[in-house]
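In what follows, a single structure is set out as structure tokens and then discussed.
Since the structure is predicted, the reported quantities are computational estimates derived from the model, not experimental observations. Numbers here are sequence positions counted from 1.
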Amino acid sequence: MICSMLNINYPIIQAGMAGGPTTPELVAEVSEAGALGTLGAGYMTPQQIEVALREIHQLTQSPIAVNLFLPQTYERDENAILAMQQYLNTYRTKLGIPKINNIPDMEDLFEKQLATVMEAGVKIVSFTFDAPTKRLVEKLHASEIIVIATATSVKEAVQLESNGVDLTVAQGAEAGGHRGTFLNVENESMIGTMALVPQVADAVSCPVVAAGGIMDGRGMAAALALGASAVQLGTAFLTVKESGVNNIHKEAILTSSETDTKITKAFSGKSARGFKNKMMVELESRIEVDLPPYPLQHILTSDIRKEAAKQGNKEMMSMWAGQASGLAQVRSARNLVENLVDQCDKALQRASLN
């Protein structure tokens, strides 16, 4: 059902990871392999989205998706922002980059991002960080666009379906990157994938996509057995040849163990799972400095994280990854998709024989 809905061969979605991992080459190769490639456009300007989509469409005519971040409401405490800037200057000094002592300009690009995506003719759009309103969903449906959104609890999944969302991604606590929680207290939405997926599948009638800790065909088979109609993988695609993450991040994934990640708000002000490092631990311990909320903290730390990546300093980078990162391998995106399908078929066959 979900394959015919999305016009893909396999019930596999490559997660729309923002910040550079989802290069046009990665998105196109995933879709060419029969899965659904997704451009992570949450941090991109409309112009960058337009260029990326043009490049993708030159590489493939297969369906693709675009992931966007729904706008966040937050309190703008100027004293907290300036205090955080002052503290972050210690990292800027270590990196040899200019200190910053002002409040950054904020511009909400969501409406322009969405308009660019729609004008480009994209027919599958996914959202995270909130529930798209009924009005937004109806607007997209009027343009024959399929809408996907993320839930971290049954309550959120029910809300998404009531708003008209076509597919719900059930994001387990194992997932790397930012949490999609929008209704519940974040520490109450840390539900494991195996517990979350069957409960969401029982609660909603729309297809459910399992996400979190799925790295190979065994995980895919388990998710399908639990009631998911498809799987979404992020971390597994970070180490493929077409990925846009830097070599430090890739190496961290390839040499990681199941205990190397944790949930933190340190880098962005929003809960996200990534590799533990010095800056993360130090920011979390600075209780005398209020941590500005997302997206403020993300913007405040962005120059530090970018420069650290250039200098090869992994102690000041945000390196997102899920709890099953140790299963990652270096391969092509096509090979990963093919192996997922093959391993899943074999796992399901073994299960039917036992």
Would you say the side-chain atoms of [X] pair up with the backbone N or O of [Y], donor to acceptor, closer than 3.5 Å?
{"X": "Asn339", "Y": "Asn335", "answer": "yes"}
{"X": "Lys112", "Y": "Thr45", "answer": "no"}
{"X": "Gln85", "Y": "Asn102", "answer": "yes"}
{"X": "Thr60", "Y": "Ser62", "answer": "yes"}
{"X": "Glu284", "Y": "Thr264", "answer": "no"}
{"X": "Glu156", "Y": "Thr150", "answer": "no"}
{"X": "Glu242", "Y": "Ala333", "answer": "yes"}
{"X": "Arg331", "Y": "Lys241", "answer": "no"}
{"X": "Gln232", "Y": "Ile13", "answer": "no"}
{"X": "Thr93", "Y": "Asn89", "answer": "yes"}

Side chain proximity check, [X] to [Y], heavy atoms < 4.5 angstrom:
{"X": "Ile49", "Y": "Val117", "result": "yes"}
{"X": "Glu144", "Y": "Lys123", "result": "yes"}
{"X": "Val231", "Y": "Val209", "result": "no"}
{"X": "Ile103", "Y": "Leu82", "result": "yes"}
{"X": "His298", "Y": "Phe267", "result": "no"}
{"X": "Pro132", "Y": "Val165", "result": "yes"}

Tell me, please, which residues at least two apart from [X] pass side chain to side chain donor-acceptor pair (under 3.5 Å).
{"X": "Asp342", "value": "Lys346"}
{"X": "Ser4", "value": "none"}
{"X": "Asp345", "value": "none"}
{"X": "Glu29", "value": "Arg334"}

Under the salt bridge (Lys or Arg N to Asp or Glu O under 4.0 Å) rule, what do Lys134 and Glu138 come out as? Steps first, then yes or no, please. CA-CA 6 Å; Lys134 291 182 179 180; Glu138 290 171 355; over 6 Å; no
Are [X] and [Y] in one and the same hydrophobic cluster, where Ile, Leu, Val, Met, Phe, Trp and Tyr link if side-chain heavy atoms are under 4.5 Å apart?
{"X": "Leu36", "Y": "Val169", "value": "yes"}
{"X": "Phe127", "Y": "Leu183", "value": "yes"}
{"X": "Tyr43", "Y": "Phe237", "value": "no"}

Applying the side-chain hydrogen bond (donor to acceptor under 3.5 Å, both in side chains) test to Glu174, which of Thr235, Thr261, Thr193 qualifies?
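In the set Thr235, Thr261, Thr193, the residue that makes a side-chain hydrogen bond (donor to acceptor under 3.5 Å, both in side chains) with Glu174 is Thr193.
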With sequence neighbours left out, which residue pairs that include part of residues 292-307 fulfil the salt bridge (Lys or Arg N to Asp or Glu O under 4.0 Å) condition?
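Passing the test, one end in residues 292-307: Arg92-Asp303.
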Worksheet item: Regarding Ser126 and Asn67, is there a side-chain donor-to-acceptor distance under 3.5 Å anywhere?
Response: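 The answer is yes; a qualifying pair exists.
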query = How close do Leu59 and Pro24 get, heavy atom to heavy atom, and via which atoms?
reply =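 Closest pair (atom of Leu59, atom of Pro24, distance): CD1-O, 3.9 Å.
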Separation between CG of Leu6 and CD1 of Ile148, rounded to the nearest 0.5 Å:
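Output value for this atom pair is 5.5 Å.
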Taken to the nearest 0.5 Å, the spacing of Met220 CE from Leu348 CG works out to 8.0 Å
Evaluation steps, ring pair (Phe, Tyr, Trp, His ring centres under 6.0 Å), between Phe129 and His178: CA-CA 8 Å; Phe129 295 175; His178 284 96; 5.7 Å; yes
Taking the six-membered ring for Trp, are Tyr91 and Tyr87 parallel (under 30°), tilted (30 to 60°) or perpendicular (over 60°)?
perpendicular
Can you check side-chain contact (heavy atoms from CB on, under 4.5 Å) on Asn246 and Met317, steps first, answer last?
-> CA-CA 11 Å; Asn246 62 51; Met317 295 169 57; 3.3 Å; yes
Less than 3.5 Å apart, which donor and acceptor atoms pair up between the side chains of residues 212-219 and the rest of the protein, not counting sequence neighbours?
| unit_1 | atom_1 | unit_2 | atom_2 | d |
| --- | --- | --- | --- | --- |
| Asp216 | OD1 | Arg218 | N | 3.1 |
| Asp216 | OD1 | Gly219 | N | 3.1 |
| Asp216 | OD2 | Arg218 | NE | 3.0 |
| Asp216 | OD2 | Arg218 | NH2 | 2.7 |

